[in-house]
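Chain A is the first sequence line, chain B the second, and so forth, proteins listed ahead of strands; every chain is numbered from 1.
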Number of protein chains: 2
Amino acid sequence: MTPATRPTSSYAPALGAVDLWTSGTPRAGDMKQLLSDAERSRLATIASLTRFKKGAVIYRAGERADAVFNIVSGVVKAYRPGADSSEHITAFLFPGDVFGLSVEGLYANSTKAITPLTAYQLPVSALQSRLLNDAGLEFRVICKLCHELREAQRHAFLLSQHRALTKVAMFLQMLEQLQAARGEPSAEIYLPMARADIGEYVGMTAAAVSRGFRALAKRGVIMTRDLRHVKIIDRTSFEKLAASYGPS
Amino acid sequence: MTPATRPTSSYAPALGAVDLWTSGTPRAGDMKQLLSDAERSRLATIASLTRFKKGAVIYRAGERADAVFNIVSGVVKAYRPGADSSEHITAFLFPGDVFGLSVEGLYANSTKAITPLTAYQLPVSALQSRLLNDAGLEFRVICKLCHELREAQRHAFLLSQHRALTKVAMFLQMLEQLQAARGEPSAEIYLPMARADIGEYVGMTAAAVSRGFRALAKRGVIMTRDLRHVKIIDRTSFEKLAASYGPS
DNA sequence: CGTGCACTTGACAAAAATCAAATTTTGTGG
DNA sequence: CCACAAAATTTGATTTTTGTCAAGTGCACG
């Protein structure tokens with residue numbers, strides 16, 4: 001990634017999302033920077049850069065929500081702790097993503113860094129007054145929320161599938177698209193999360209996820225270089241397996 | 001419902017959602033009117049009231065999105081048509097809800113009225129300029145979007161459950177809470193949608209949904225007055241079945 | 001009042017969950 | 001750099017559960 005390609009990845013908060021209203025964009029599915037450099041530097045004045053070690057809990061559901069986070073580098077999982085020590089993963093969050101949504105002043109879910117993490121921390125109080133004074137910023141936030149809403153609906157669609165292979169393929173497809181949208185090399189899909197985490201996300205046991213990967217590999221659909229790197233071999237079969245989530 | 005209880009249900013666009021930041025509200029989970037009467041009447045100038053017959057398709061995924069809708073009365077299902085004539089239902093929409101979100105200028109899913117429907121139709125062009133000129137309105141929209149995002153995550157949580165009884169119980173719990181939040185009588189849960197629609201929403205076949213209701217009834221957890229009216233008999237067992245989705 | 005569609009129910013097959021054990025990978029300290 | 005311990009992943013055998021398909025029933029709408 002040359003600086004020219006991603007000029008906004010320097011040190012200031014960033015919001016990534018696909019455009020809401022503009023159609024016929026250069027590359028559909030590409031992510032755009034929603035914030036102008038001016039807006040980003042204005043936000044930077046109320047943000048502080050924070051680091052978390054791999055595995056660190058960033059906040060827990062139910063705690064008072066006094067900060068919102070914006071990922072600079074690393075990956076986060078958002079989850080709801082279940083009664084029986086199991087957890088349902090609601091989302092994986094990548095650079096450019098924002099997390100820390102609250103319900104009635106409390107965090108709606110827990111979050112944990114699954115890789116070393118760097119993120120901006122924005123106090124909600126400051127953010128709130130900033131939002132009320134900047135209509136343009138509000139509009140960008142609306143775009144980002146619509147984006148997340150669609151992602152959540154896509155997640156629900158994935159979960160509604162019954163066949164393990166379909167779910168795994170759709171998960172890989174999602175990761176691939178996110179990776180491409182971020183402008184990272186996409187010859188190979190990188191899986192920052194553990195098999196168990198994938199299972200919690202797609203609604204299967206870790207064992208079933210493992211069998212899913214193996215089955216896809218045996219059929220020659222994918223090739224696993226190692227646990228964290230997968231390559232699509234047979235694109236046709238792959239797309240056929242992944243119940244399409246495109247428009248129409 | 002006395003007019004005093006719901007003064008904002010008169011004829012102007014309305015946005016219902018639970019508060020985002022205020023905690024310790026009178027009744028947690030209650031829905032609030034996000035828009036002031038002034039804002040509502042301002043919106044009314046660009047809105048037109050439309051009626052749809054039961055079963056009517058309001059718009060299809062992929063069509064140009066030139067209007068957003070705000071339900072006055074009736075129920076809508078939003079769905080994605082699947083390849084094999086099946087459809088995944090992403091949401092049921094009730095009075096106060098808004099629908100018509102677009103991706104790159106096109107509707108992201110299809111919608112159909114499942115009861116007779118009355119709704120405001122707001123042209124996006126007018127709405128867009130209105131949004132850009134009214135920071136307060138934008139903020140309310142943000143709140144509404146956060147609300148929908150949480151609903152979508154809750155839907156995903158429901159779908160991640162494996163036992164049919166759990167899914168059915170969670171679905172009933174959701175309907176009950178929505179009904180209560182709207183201020184409707186909640187001694188009995190009203191199901192405006194068909195069993196098949198419930199199945200598409202919770203990720204089971206209509207047959208499995210039917211068995212689910214029967215099993216709950218046989219266990220004495222619920223009582224079905226008729227196909228569309230259910231009453232919770234054994235609240236304790238009911239809550240135990242429905243994997244809790246409360247904070248913490 | 002009849003027809004059609006929605007719902008229910010049954011028998012069977014398919015699929016993944018569960019439980020547990022074997023194996024590989026990762027991280028740590030020498 | 002290697003050895004070891006801990007954690008993660010894979011695999012196998014079994015069980016539970018729901019999907020599937022089809023037939024039967026009943027409600028609702030014209």
Show the atom names and distances, to 0.1 Å, of all donor-acceptor pairs under 3.5 Å that link a side chain in residues 208-216 of chain B to residues at least two apart or in another chain.
none

Who pairs with [X] by salt bridge (charged side-chain N to carboxylate O under 4.0 Å, His left out), at least two apart in sequence or on another chain?
{"X": "B/Lys167", "answer": "none"}
{"X": "B/Glu87", "answer": "B/Lys77"}
{"X": "A/Lys144", "answer": "A/Asp97"}

With sequence neighbours excluded, residues passing side-chain contact (heavy atoms from CB on, under 4.5 Å) with B/Val75: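 With neighbours one apart ignored, the set is B/Phe94, B/Ile114, B/Thr115, B/Pro192.
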Does A/Ala242 have any side-chain contact (heavy atoms from CB on, under 4.5 Å) partners at least two apart in sequence or in another chain, and if so, which?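 So A/Ala242 forms a side-chain contact (heavy atoms from CB on, under 4.5 Å) with A/Ala169, A/Met170, A/Gln173.
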Under the side chain to side chain donor-acceptor pair (under 3.5 Å) definition, can you give me all pairs with a residue in residues 185-194 of chain B, not counting sequence neighbours?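 Found B/Glu188-B/Arg225, B/Glu188-B/His229.
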Run the ring-centre check on A/Tyr201 versus A/Phe171 and record whether the distance is less than 6.0 Å.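 Ring centres of A/Phe171 and A/Tyr201 closer than 6.0 Å.
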For residues 202-216 of chain A, which residues have at least one heavy atom under 4.0 Å from DNA chain C?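 Here the set is A/Gly203, A/Met204, A/Thr205, A/Ala208, A/Arg211.
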Under 4.0 Å, heavy atom to any atom of DNA chain C: which of residues 220-231 of chain B qualify?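 Only B/Leu227, B/Arg228 qualify.
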Looking only at the side chains, is there a donor atom on one of A/Arg182 and A/Gln177 sitting less than 3.5 Å from an acceptor on the other?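 Absent: no donor and acceptor within the cut-off.
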Please list, in 5' to 3' order, the outermost nucleotides of DNA chain D lying under 4.0 Å from any heavy atom of chain A.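 Span of nucleotides near chain A: D/dT9 to D/dG19.
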Students often mix this up, so state it plainly: with edges at 30° and 60°, are the rings of A/His88 and B/Phe157 parallel, tilted or perpendicular?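 Correct class here is tilted.
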B/Ala196 vs A/Lys167, nearer the 5' end of DNA chain C by closest nucleotide: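 Taking each residue's closest nucleotide, the earlier one in sequence belongs to B/Ala196.
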Is any side-chain N of the basic residue among A/Glu176 and A/Arg235 closer than 4.0 Å to the acidic one's carboxylate O?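 Judged by the 4.0 Å cut-off on N to carboxylate O distance, A/Glu176 and A/Arg235 do form a salt bridge.
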Hey, can you pull the donor-acceptor pairs under 3.5 Å for the side chains in residues 47-66 of chain A, sequence neighbours left out?
| from | atom 1 | to | atom 2 | distance (Å) |
| --- | --- | --- | --- | --- |
| A/Thr50 | OG1 | A/Gln121 | OE1 | 3.1 |
| A/Tyr59 | OH | A/Gly100 | N | 3.1 |
| A/Glu63 | OE1 | A/Arg60 | N | 3.4 |

Would you grab the first and last nucleotide of DNA chain C (5' to 3') that comes under 4.0 Å of any non-hydrogen atom in chain B?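 Using the under 4.0 Å cut-off, the span is C/dC7 to C/dA17.
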